Amino acid sequence: MDFILNLYHFLFESFAGLGILVLSILLISVIACVIMERRTRNTFVDRGPVDDGDDEFTFFDDDDDED
């Protein structure tokens, strides 16, 4: 029981423990995102290549501003 109390004190009541918690949560999130991205790419592999003239929506569409 003493080990659990020491671990709790380290993780939640010290700066180093909070840093470890934040970094571990970020690492777990990045790993989950990579796994989900790979599964999505494997699922939707049959969509075919994207044509350059087939852009319906882009954030950085500067073609209209150059006229």
Side-chain angles (χ1 to χ4, degrees):
M1 191 70 169
D2 191 39
F3 173 73
I4 295 173
L5 291 175
N6 288 335
L7 183 65
Y8 177 84
H9 175 70
F10 174 72
L11 288 176
F12 296 106
E13 296 178 5
S14 68
F15 288 116
L18 290 174
I20 289 173
L21 283 175
V22 169
L23 290 177
S24 63
I25 289 171
L26 286 173
L27 182 65
I28 290 170
S29 298
V30 167
I31 291 171
C33 289
V34 167
I35 290 170
M36 288 187 288
E37 179 69 25
R38 288 187 184 192
R39 286 185 181 178
T40 302
R41 285 186 185 188
N42 289 338
T43 302
F44 297 108
V45 75
D46 61 343
R47 299 294 180 185
V50 177
D51 296 333
D52 290 335
D54 195 26
D55 293 335
E56 294 180 10
F57 178 78
T58 59
F59 284 113
F60 304 107
D61 189 19
D62 295 333
D63 294 339
D64 296 334
D65 297 336
E66 295 176 0
D67 291 338

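Excluded from the calculations below are hydrogen atoms, water molecules and symmetry mates; all remaining heavy atoms, backbone and side chain alike, are included. All figures in this text were calculated on a predicted structure; none of them were measured in a lab.
- Residues in residues 10-41 take part in these ring-ring contact (aromatic ring centres under 6.0 Å, His included) pairs, two or more places apart or across chains: Y8-F12.
- In this structure, the separation between OG1 on T40 and CE on M36 is 8.0 Å, given to the nearest 0.5 Å.
- A side-chain contact (heavy atoms from CB on, under 4.5 Å) with L7 holds for exactly one of L11, I4, L5; it is L11.
- A search for salt bridge (Lys or Arg N to Asp or Glu O under 4.0 Å) contacts involving R41 returns E37, not counting sequence neighbours.
- For L27, the side-chain contact (heavy atoms from CB on, under 4.5 Å) criterion is met by I31, not counting sequence neighbours.
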